[in-house]
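Here is the structure we will look at, set down as C-alpha cells.
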2 protein chains.
Amino acid sequence: MGKKDKAAKRTLQDHPRPSVAVDTAVLTVLPPEPAGPGGDRSELAVLQIRRARGHKKGEWSLPGTFLHEGELLSESVARSLREKAGLGDDVVPRQLRVFDRPERDTRGRVLSVAHKVWLPYARLVPVVEAADGALRLVPVGEVGPMPFDHPEIVAAAVDQGRAEYAQAADPGRLLPDSFTLHELWVVHDAVAGHYDSSEDAFRLRAVRLLEPSPEPPRKLDVGRPARLYRRR
Amino acid sequence: MGKKDKAAKRTLQDHPRPSVAVDTAVLTVLPPEPAGPGGDRSELAVLQIRRARGHKKGEWSLPGTFLHEGELLSESVARSLREKAGLGDDVVPRQLRVFDRPERDTRGRVLSVAHKVWLPYARLVPVVEAADGALRLVPVGEVGPMPFDHPEIVAAAVDQGRAEYAQAADPGRLLPDSFTLHELWVVHDAVAGHYDSSEDAFRLRAVRLLEPSPEPPRKLDVGRPARLYRRR
DNA sequence: TAAATAGTGTCTCTGAGACACTATTCA
DNA sequence: TGAATAGTGTCTCAGAGACACTATTTA
C-alpha cells in the first residue's frame, strides 16, 4: 500500500474474472487379490467422493474446491483433501493441466486446475472407512459417470502416473521404506495397466534403480525368502 | 437462463476471484551462421516484447494478456499474439503449467497459464521488422532480466520443446514441407542446445521418422546434392 | 584431381526380453 | 522329495554411437 497515485495506476482494471477451482485425482494401488506377497494382480484406483445434494444422484466426482485468496494451488489441493476426505497435509500434488471449456460448469465460468496425488492404500483405508459411504476407491477402468470433465482428469492423471513409474522405482511412495522386488512389480504392473512386460524382465530393470536393504530377507509362507530393497 | 429458482441455487457464490492471464513463449530456431545448407550451428530463440511504459525501462517480457469472458485459453493465446505481435491465428499453443505465486504480480492476484508456441523463423521475421523495435528474438540462453516469473516460463518452454523434438522429427513444423537431413539436424542441434550427439549418428535415427520426398535431390554450392525428406 | 558435402557399412556396446537354470524354504 | 517362490546366467535382438568408407558434385 505505497503512494496512492502509483498504486492506482498499477491496479488491475475491473474485468470479468473466472472462478478458479482445483480438482484432484488421488491415485493408489489396491492390494492384490487375495493378499500377501504371493498375491496375484493389483489395480490402479482413484478416490471418488459422493456428490453433494442437489446433483444427479448416484454420481461420484473428484474432490475439489475453489482457490482461496492468497492460496497456492498446491495448498488448495491439500485443503480440499483435508476438508473433503480428512487427509493430512502430507500430500505432494502434481499439476496436470487447466481444464477450461467455457461450458464445463453450468453455474458459470470455472477453470479447473487439475492435479494428481499419489497415496498408499494404507493411508486411504481409514479415511474411506471414516467417511461412511461418502468416499470410495474405484479401479481407474471402472469409474462410472462423472460430472464436468472429471473423466478426462482421471485419464490425464493415469498418463502422468504411468510416465512417472516408467522412469523411477516408486515415485509415488506407495510402498513402505523397504519392499521386495515382487511387491514392486505388483505396483508397476497395476500402474501400467498390466501391459508391462513379464515380472522376470522387470526384476533386472528395477534392481538398478534400488539399493539393497541391510535387513535380512523376509520370510514368506512358502518358498525362498525375498530380499528387501529401498528406493535409491 | 432457465427457471429462476434453480438458477439461483446453482449460481456460484460470491467469492474472491483471481485474474487469469496467459503468457506465451514463442520459440523458433534462428538461421545458421552464416547461412545456407552448408551453414554452421543455429540457436533456439524466444520472442520478447518491450514492456509497456510505466515499467522498468530496458526490460523485455513475454507476450501475454488477460483471459476474456467465454474465451478458451488457446484462443486467448492466439489473441495476445495477434494483438501484441501481429501474428495470425495459425498458432498451436501448448500449455506448460500455471504459475501461481501470490506475489508474482504486485498489482494483485494474477494466475498465469503459461504456454509455448513453435513458429518458423520466416514467419517471425516480418512481424519483428514491422514492430519497429518493440519485438525481438533472443537466444534462450541470453534472455536478459524479465518481469514476473517469465524466466521460469522460458525454461519450461525449452524443456517441453526438447521433449517434443526428442520424440518426433519436426513437431514444431519449423522446416518447410521438404528438407534435407542436414537442415533437420541443424534444427535438432539448436533445440537440444548443442548437446545432441554427432550429425552422423543423428541421420540414422532421423530417417526412420521421415519419408523420402519424390522431388529430385537439391543441388548445393558444392558437393553431392542432398536428398529431400518429408515429415511422416 | 582436390575439396566439399551427402550418404552407407560395419563394429561395438548396452539394454530389453525370453527362458532355462539354480537357490531356499516349507510341508 | 516335491511344490512354491526368489534369484541368476545366458542367449538373442534392436538401437545408439563411432568411424571409416563410398558417392556425387564443383572448381
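So you know, we letter chains A, B, ... as the sequences are listed, proteins then strands, and number each from 1.
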Review point. Hey, mind stepping through A:Leu44 and A:Tyr165 against side chain to side chain contact (heavy atoms under 4.5 Å, CB included) and telling me if it holds?
Key: CA-CA 12 Å; A:Leu44 182 59; A:Tyr165 270 82; over 6 Å; no
Review point. Does a side chain donor of either B:Arg79 or B:Thr65 reach within less than 3.5 Å of an acceptor in the other side chain?
Key: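 Distance-only check passes for B:Arg79 and B:Thr65.
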Are [X] and [N] close enough that a side-chain N or O sits under 4.0 Å from OP1 or OP2?
{"X": "B:Arg208", "N": "D:dA16", "answer": "yes"}
{"X": "B:Arg218", "N": "C:dA6", "answer": "no"}
{"X": "B:Arg203", "N": "D:dA18", "answer": "no"}

Review point. With respect to the side chain of A:Asp200, which nucleotide from C:dG17, C:dC19, C:dT24 is positioned closest?
Key: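 Closest nucleotide among those given: C:dC19.
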Exercise for review: Report the nucleotide, chosen from C:dG17, D:dA18, D:dT25, that has the shortest atom-to-atom distance to any side-chain atom of B:Pro225.
Suggested key: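 Minimum distance to the B:Pro225 side chain belongs to D:dT25.
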What is the distance from [atom1] of [X] to [atom2] of [N], rounded to the nearest Å?
{"X": "A:Arg227", "N": "D:dG7", "atom1": "CZ", "atom2": "C1'", "value": "7 Å"}
{"X": "A:Phe202", "N": "C:dG17", "atom1": "CZ", "atom2": "C1'", "value": "14 Å"}
{"X": "A:Leu209", "N": "C:dG15", "atom1": "CG", "atom2": "P", "value": "12 Å"}
{"X": "A:Lys219", "N": "C:dA23", "atom1": "NZ", "atom2": "P", "value": "19 Å"}
{"X": "B:Phe179", "N": "C:dA6", "atom1": "CZ", "atom2": "P", "value": "15 Å"}
{"X": "B:His188", "N": "D:dG17", "atom1": "NE2", "atom2": "P", "value": "13 Å"}
{"X": "B:Glu199", "N": "C:dT8", "atom1": "CD", "atom2": "P", "value": "14 Å"}
{"X": "A:Leu220", "N": "C:dA23", "atom1": "CG", "atom2": "P", "value": "19 Å"}

Review point. Take atom CZ in B:Arg136; do more than 12 heavy atoms of anything else shown fall under 6.0 Å from it?
Key: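 Above 12, so yes.
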Check your understanding: Should we say atom CD of B:Gln167 is surrounded by more than 12 heavy atoms from elsewhere, each under 6.0 Å from it?
Key ->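 Open.
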Point to revise | Salt bridge present between B:Arg82 and B:Asp89 (N-O < 4.0 angstrom) | key: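 Yes.
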Exercise for review: Only pairs at least two apart or in different chains count here, so list each side-chain hydrogen bond (donor to acceptor under 3.5 Å, both in side chains) that has a residue in residues 90-99 of chain A.
Suggested key: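 Matches after skipping sequence neighbours: A:Asp90-A:Arg123, A:Arg94-A:Glu164.
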Exercise for review: Would you kindly compare A:Val222 and B:Ala226 by the position of their nearest DNA chain C nucleotide and give the one closer to the 5′ end?
Suggested key: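 In this pair, the answer is B:Ala226.
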Review point. Hey, does the side-chain of A:Asp221 have a donor or acceptor N/O within less than 3.5 Å of a partner on the base of C:dC26?
Key: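 Result: no qualifying N/O pair found.
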Table of protein N/O atoms under 3.5 Å from nucleotides 21-23 of chain D N/O atoms:
| unit_1 | atom_1 | unit_2 | atom_2 | d |
| --- | --- | --- | --- | --- |
| D:dA23 | O4' | B:Arg224 | NH1 | 3.2 |

Practice item. Check whether any side-chain N or O of B:Arg50 sits under 3.5 Å from a backbone N or O of B:Gly133 as a donor-acceptor pair, and report yes or no. Key: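 Indeed, once roles are kept as given, a pair shorter than 3.5 Å links the two residues.
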**Study point:** Given DNA chain D, 5'-ward residue of the pair A:Leu204 and A:Leu228, judged by closest heavy atom
**Key:**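 Here A:Leu228 is the residue nearer the 5' end.
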